[in-house]
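Structure record follows, encoded as structure tokens.
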There are 2 protein chains.
Amino acid sequence: MTKTLIADRPYHHGDLRRTIVQAALSILGETQSLEFSLRELARRAGVSHNAPYKHFADKRELLAAVSAAGFEMLTKRMARKSDGVIGAREQLTAMLCAYIDHGVENPALYGLMFGGYLGGPDYSRPAIELAAAEKTRSLLAGAIIAGGLGQPITQTARNERRIAGAILACWSLVHGLTMLLADGLVGPKEKAGALASRLVLGMLDRLSVEMLVLPRGAWVGPKVLRSK
Amino acid sequence: MTKTLIADRPYHHGDLRRTIVQAALSILGETQSLEFSLRELARRAGVSHNAPYKHFADKRELLAAVSAAGFEMLTKRMARKSDGVIGAREQLTAMLCAYIDHGVENPALYGLMFGGYLGGPDYSRPAIELAAAEKTRSLLAGAIIAGGLGQPITQTARNERRIAGAILACWSLVHGLTMLLADGLVGPKEKAGALASRLVLGMLDRLSVEMLVLPRGAWVGPKVLRSK
DNA sequence: CCAAAAAAGTTGTCGCTGTCAACATCAGCG
DNA sequence: CGCTGATGTTGACAGCGACAACTTTTTTGG
């Protein structure tokens with residue numbers, strides 16, 4: 001018997017790569033745990049335990065793709081939330097709150113994106129992830145350059161370290177709050193939105209572009225793309 | 001043959017629990033990766049692959065003990081660094097910088113402590129870890145109450161949410177910066193100290209006790225100890 | 001003081017995992 | 001057509017976390 005009449009999927013799946021990543025996102029959302037197996041994803045996708053290896057060299061690469069998908073979701077969410085908003089300051093606020101929301105609603109995914117599951121002792125994250133993370137960083141940078149901290153900044157070489165410092169201050173605060181909320185060390189989750197907007201507003205009231213100029217040679221953001 | 005002459009360790013190890021945790025800390029420091037096996041720790045300790053189960057119910061409990069050890073190291077380091085310092089503000093600064101240093105020097109351990117490897121979907125972290133984390137929190141709280149943000153705060157019920165808000169602002173910033181540095185998303189590591197002190201100083205200059213009052217019902221810190 | 005119980009360590013086993021190798025199927029192109 | 005490469009499958013292997021049964025030592029109560 002080569003074919004049954006109904007529901008006989010073809011030998012080739014068609015879009016297994018996306019399906020696998022999607023399955024990983026589902027399982028992450030359901031269990032909120034990073035401890036799932038590559039084989040389980042294959043089962044969910046209805047393929048053999050080795051099929052994923054035709055699309056990912058190893059599990060690490062698979063996780064990197066999931067993380068990259070997380071960054072894309074994050075970037076889209078930030079862009080969407082700040083889209084209708086007018087005023088650079090308000091746009092930045094909206095972005096930062098969207099960032100926190102994303103982390104709080106997807107704690108396991110956020111942990112995968114930032115928790116150091118990827119990138120071994122050499123700090124080298126897979127390229128696909130770096131590219132996705134860089135998009136997020138540049139979106140944030142745009143909002144700051146546009147004047148999110150009170151005044152627009154011309155993007156000169158002289159101002160580069162100033163901009164990076166501003167990004168660092170914003171990102172550190174928001175990243176820290178997000179992780180604490182996602183981890184349950186600060187809560188409750190129902191109040192996450194209120195906590196986030198209070199903290200972000202309070203911060204932005206005080207932050208200025210001049211607050212922190214990065215030391216020479218310091219960077220902010222995924223590394224590979226800088227080494228051009 | 002019941003005994004050989006040399007180096008014949010007794011049937012009972014004597015302090016296997018500590019040895020195992022110590023082995024985990026070593027391997028964490030060497031590989032900077034969370035992917036080690038319980039069996040490898042047993043091998044390092046020179047015992048059979050099942051011996052650790054006499055001291056830890058499962059791997060999770062073992063990891064919790066390692067995480068707790070990390071919190072103890074952190075608390076001690078913060079206390080030591082702020083010990084000789086005079087001035088509440090300077091003490092708080094020293095503590096926060098020590099916190100960041102601890103994370104940057106032990107990124108994998110810091111990831112274990114905060115990365116959500118422990119505590120499944122129910123947010124329940126093992127008790128041993130919560131107790132250790134609470135010590136860290138209360139040390140930070142002490143420095144803030146003593147006037148780290150400009151003025152001492154009397155520890156009344158009315159001020160509780162004020163204090164918690166101040167802790168949250170400090171902790172979020174420092175936690176975020178630490179993770180970004182540990183992850184390699186901000187760097188380089190050699191500049192970590194400079195980055196940390198600049199950011200912390202800049203922040204403390206602007207932070208005030210009044211900046212953030214926590215919403216009613218919100219908490220900051222490990223959860224179990226609050227539910228008394 | 002010594003047996004009995006408890007604590008601590010060992011061996012053997014189980015199912016599951018990530019990964020590799022070899023084979024099967026199919027799509028696209030000459 | 002038939003070939004080739006991409007994609008999916010089957011089978012195998014070592015290593016893992018966990019459990020059960022057994023052994024050795026320490027502790028303890030009469």
Side-chain angles (χ1 to χ4, degrees), chain A residues 1-5 7-24 26-28 30-31 33-67 108 112 117-121 126, chain B residues 1-4 7-24 27-28 30-31 33-67 108 112 117-121 126:
Chain A
M1 179 202 325
T2 55
K3 281 220 174 203
T4 56
L5 285 180
D8 191 24
R9 74 162 172 78
Y11 189 86
H12 283 42
H13 181 285
D15 197 2
L16 185 53
R17 186 187 165 97
R18 190 195 319 276
T19 304
I20 292 281
V21 171
Q22 219 48 40
S26 300
I27 216 172
L28 231 52
E30 288 168 26
T31 68
S33 159
L34 280 300
E35 287 169 18
F36 59 85
S37 68
L38 187 149
R39 283 164 111 107
E40 169 145 15
L41 301 185
R43 280 188 293 264
R44 289 209 175 199
V47 294
S48 81
H49 67 267
N50 254 346
Y53 280 93
K54 301 296 167 177
H55 301 269
F56 306 97
D58 52 18
K59 192 179 182 184
R60 191 180 128 93
E61 205 170 291
L62 194 168
L63 292 177
V66 177
S67 171
L112 176 62
Y117 294 80
L118 310 161
Chain B
M1 181 198 328
T2 56
K3 282 221 175 203
T4 56
D8 192 24
R9 73 164 172 74
Y11 190 86
H12 283 77
H13 180 285
D15 197 2
L16 184 55
R17 187 187 164 94
R18 189 195 317 276
T19 304
I20 292 281
V21 171
Q22 218 49 40
I27 216 172
L28 231 52
E30 288 168 24
T31 68
S33 158
L34 280 301
E35 287 169 18
F36 58 86
S37 69
L38 188 148
R39 285 165 110 107
E40 170 145 15
L41 301 185
R43 279 188 293 264
R44 289 208 175 199
V47 293
S48 79
H49 66 266
N50 252 349
Y53 281 94
K54 301 295 167 178
H55 301 271
F56 306 97
D58 52 18
K59 191 179 181 183
R60 192 180 125 95
E61 205 170 290
L62 194 168
L63 292 177
V66 176
S67 171
L112 177 62
Y117 294 78
L118 311 161

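Every chain is numbered from 1, with letters handed out A, B, ... down the list of sequences. Every heavy atom of this structure was used, including side-chain atoms; hydrogens, water molecules and symmetry mates were not. Bear in mind the structure is a predicted one, so any value in this text is a computation, not a measurement.
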Could you tell me the separation between the [atom1] atom of [X] and the [atom2] atom of [N], rounded to a whole number of Å?
X: B:L62; N: D:dC16; atom1: CG; atom2: P; result: 14 Å
X: B:L38; N: C:dT10; atom1: CG; atom2: P; result: 13 Å
X: B:D58; N: D:dA18; atom1: CG; atom2: P; result: 5 Å
X: A:K54; N: D:dT10; atom1: NZ; atom2: P; result: 13 Å
X: A:F56; N: C:dT19; atom1: CZ; atom2: P; result: 13 Å

Is A:S26 reaching over with its side chain to a backbone N or O of A:Q22, donor-acceptor style, under 3.5 angstrom?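 Such a contact is found between A:S26 side chain and A:Q22 backbone.
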
Could you tell me whether the side chain of B:K59 has a donor or acceptor atom within less than 3.5 Å of a complementary atom in the base of D:dG17?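 No, no donor-acceptor pair under 3.5 Å.
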
In terms of the nearest nucleotide of DNA chain D, which residue is placed more toward the 5' end: B:E40 or A:V47?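 Its nearest nucleotide being more 5', the pick is A:V47.
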
What's the closest nucleotide to the A:S48 side chain, out of D:dA18, D:dT9, D:dA21?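 Among D:dA18, D:dT9, D:dA21, the one nearest the side chain of A:S48 is D:dT9.
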
Nearest listed nucleotide, side chain of B:H55, among D:dT9, C:dG9, D:dA18: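 Nearest listed nucleotide: C:dG9.
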
Report each atom pair, protein N/O against N/O of nucleotides 4-6 of chain C, whose distance is under 3.5 angstrom.
none

Is the shortest side-chain N/O distance from A:Y53 to OP1 or OP2 of C:dT19 below 4.0 Å?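 For C:dT19, OP1 or OP2 has a side-chain N or O of A:Y53 closer than 4.0 Å.
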
Using the test side chain to side chain donor-acceptor pair (under 3.5 Å), find all partners of A:R43 that sit at least two apart in sequence or belong to another chain.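 Not a single residue meets the side chain to side chain donor-acceptor pair (under 3.5 Å) criterion with A:R43.
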
Give each protein N/O atom lying under 3.5 Å from an N/O atom of nucleotides 11-15 of chain D, with the pair distance.
residue	atom	partner	partner atom	Å
D:dG11	O6	A:H49	NE2	3.0
D:dG11	O6	A:N50	ND2	2.9

Distance-only check: which donor-acceptor pairs under 3.5 Å involve side-chain atoms of residues 34-41 of chain B, not counting sequence neighbours?
residue	atom	partner	partner atom	Å
B:S37	OG	B:E40	N	3.0

The criterion is salt bridge (charged side-chain N to carboxylate O under 4.0 Å, His left out); which residues satisfy it with A:D15, sequence neighbours excluded?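 In terms of salt bridge (charged side-chain N to carboxylate O under 4.0 Å, His left out), with neighbours along the sequence ignored, A:D15 is linked to A:R18.
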
Check B:I20, B:L62, B:L16 against B:H55 for a side-chain contact (heavy atoms from CB on, under 4.5 Å) and give me the one that passes.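 Among B:I20, B:L62, B:L16, the one that satisfies the side-chain contact (heavy atoms from CB on, under 4.5 Å) with B:H55 is B:L16.
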
Dot-bracket notation for DNA chain C, counting Watson-Crick and G-U pairs under 3.5 Å, with | for partners on another strand: ||||||||||||||||||||||||||||||

